[in-house]
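Numbering of ligands and ligand atoms starts at 1, following listing order. Small disclaimer: the values here were computed from a predicted structure and weren't measured.
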Amino acid sequence: MQRIVKNIQQNKLYQLGWRIYNDGTFAQVHQLTEMEMCKNPKRFDIINFLAGNIRAQTYLEIGVRNPDDNFNRINIAQKYSVDPGVEFEANPVDFKMTSDDFFTALDQNKLSISNNTKFDIIFIDGLHLAAQVDKDIANAARYISENGFIVLHDCNPPTEYHARENYQFNNSPADGFWNGTTWKAFVQARTKYYSCCIDSDWGVGILSSLARPGFTLMPVNENVYFDFNFFSSNKVAQLNLLSFDAFTTGLGN
Ligand SMILES: C[S@@+](CC[C@H](N)C(=O)[O-])C[C@H]1O[C@@H](n2cnc3c(N)ncnc32)[C@H](O)[C@@H]1O
């Protein structure tokens, strides 16, 4: 059985290699994937920077998968995690449920934490579909502390293939890499929150209720909301896309 799995994996790698070699689009998209993967800092570096800036005490992560990848690297005293366990069987999290079920149970005071809890940083990285991320942002906003940050992963898809709706589409030039349509929810939220997006690790979006150096609001423009090509050609303004260096200077650290 193991040998069959190995053969399938090798065959898939061979096919990908063949497509990259023979198909210009595959090669171009693959190169953009590689470039994004090389970028630093990573999401946990950015979250730890923000945490230091506001002396964060409480952290919530929605969508955790393997906690060694991010959750365990966050330097905040009190941390909580939510995940229904779709992608990582062990699923060693505090609340084994979807984000919707978590917030419903929290509202009803049915969890081991009180519904008076405020989190200093909430990291949204669950189901990457705009309608779900919209809900996650709205729910997070009710539980974020006054000077806290809502942080979102995957706000800056390099191509429309990375921003596909269907995660399971296997023949995408983006291979298994998937940012989904989180970008739409982030752009929408930028009309309500002071915000920016760090140009690293697939786009780390940051929302704040407070005006801060480096953060801007985006004017409402319904016409371009769902247009990936417009978004892609106007990313700097759409996302308030900043390098980490520009961001840290802006925050006056
Ligand atoms: C991209 S992974 C998270 C990666 C992790 N935050 C990191 O930085 O390494 C997405 C996770 O979201 C979880 N997930 C899927 N649907 C969800 C939902 N409705 N609510 C919360 N989490 C969800 C999946 O089980 C998966 O573990």
Side-chain angles (χ1 to χ4, degrees), residues 33 36-51 56 58-76 79-107 110-111 113 119-144 149-158 161-169 172 174-186 197-207 244:
T33 298
E36 196 59 38
M37 285 171 71
C38 288
K39 287 184 187 172
N40 279 298
K42 299 300 180 199
R43 53 203 180 285
F44 43 85
D45 298 315
I46 295 166
I47 293 169
N48 283 331
F49 172 82
L50 293 171
T58 45
Y59 172 77
L60 173 68
E61 184 164 322
I62 295 170
V64 178
R65 201 171 46 206
N66 184 346
D68 286 344
D69 294 343
N70 183 74
F71 187 81
N72 292 346
R73 300 174 191 233
I74 302 299
N75 306 321
I76 298 179
K79 302 192 285 183
Y80 301 97
S81 48
V82 176
D83 198 307
V86 179
E87 290 185 38
F88 190 62
E89 208 180 335
N91 199 27
V93 298
D94 298 304
F95 304 105
K96 297 179 199 298
M97 55 186 79
T98 64
S99 50
D100 283 355
D101 287 349
F102 168 78
F103 283 113
T104 301
L106 186 58
D107 288 345
K110 286 183 175 163
L111 298 176
I113 49 172
F119 304 99
D120 295 320
I121 297 187
I122 300 180
F123 182 42
I124 298 177
D125 194 14
L127 182 58
H128 299 341
L129 293 177
Q132 183 61 54
V133 182
D134 277 342
K135 275 198 269 178
D136 288 344
I137 293 171
N139 281 322
R142 298 185 296 110
Y143 286 98
I144 196 78
F149 295 104
I150 298 173
V151 180
L152 295 100
H153 198 214
D154 295 287
C155 294
N156 186 19
Y161 298 105
H162 296 87
R164 66 193 180 279
E165 288 275 336
N166 188 346
Y167 168 66
Q168 286 162 327
F169 177 55
S172 164
D175 198 26
F177 292 90
W178 189 57
N179 308 120
T181 47
T182 298
W183 67 272
K184 293 182 185 176
F186 181 67
C197 179
I198 309 301
D199 186 3
S200 200
D201 198 358
W202 307 101
V204 179
I206 311 172
L207 303 173
F244 187 61

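Listed by number with element, the atoms of ligand 1 under 4.0 angstrom from any heavy atom of G126 are 10 (C), 12 (O), 22 (N), 23 (C). Using a 4.0 Å cut-off to heavy atoms of D69, the atoms of ligand 1 that qualify are 9 (O). Ligand 1 places these atoms under 4.0 Å from at least one heavy atom of E61: 5 (C), 6 (N).
For the pair F123 and ligand 1, the shortest N or O to N or O distance does not fall below 3.5 Å. Backbone and side-chain nitrogen or oxygen atoms of H128 are examined, and none is located within less than 3.5 angstrom of a nitrogen or oxygen of ligand 1.
Summarising the contacts of atom 13 (C) of ligand 1 with D83, V64, N70, the nearest heavy atom is found in D83. Heavy-atom proximity to atom 15 (C) of ligand 1, evaluated over D154, V93, V86, N179, is greatest for V86.
Residue, atom and distance of the protein heavy atom nearest to atom 16 (N) of ligand 1 are L127 CB, 3.7 Å. For atom 8 (O) of ligand 1, the closest heavy atom belonging to the protein is R43 NE, 2.6 Å. Summary of contacts: the protein heavy atom closest to atom 19 (N) of ligand 1 is T98 CB, 3.7 Å. The protein atom (non-hydrogen) at minimum distance from atom 10 (C) of ligand 1 is D125 O, 3.2 Å. The shortest contact between atom 22 (N) of ligand 1 and any protein heavy atom is with P84 CD, 3.2 Å. Protein heavy atom in closest approach to atom 20 (N) of ligand 1: S99 N, 2.9 Å.
Within the 4.5 Å cutoff, the side chain of D154 has no heavy atoms near those of the F177 side chain. Looking at heavy atoms from C-beta onward, F88 lies out of side-chain contact with D83 at the 4.5 angstrom threshold. Counting heavy atoms from C-beta on, the side chains of V151 and I46 never come closer than 4.5 Å.
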TODO: Give the intermediate values and the outcome of side-chain contact (heavy atoms from CB on, under 4.5 Å) for residues F95 and V64.
DONE: CA-CA 11 Å; F95 304 105; V64 178; over 6 Å; no
Open item on the list: D45 vs K42, test: side-chain contact (heavy atoms from CB on, under 4.5 Å). Steps then yes/no.
Closed with: CA-CA 5 Å; D45 298 315; K42 299 300 180 199; 3.8 Å; yes
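Judged by the 6.0 Å distance and 45° axis criteria, R164 is not positioned over the aromatic ring of F169.
Using cut-offs of 30° and 60° for the angle between ring planes, the F123 and Y59 rings count as parallel.
Residue-ligand proximity: H153 is placed with every non-hydrogen atom at 4.0 Å or more from ligand 1.
Within the model, atoms CG of L129 and OG1 of T182 stand 7.5 Å from one another, a figure rounded to the nearest 0.5 Å.
Among all heavy-atom pairs drawn from K184 and A130, the shortest one is CB-CB, 3.9 Å.
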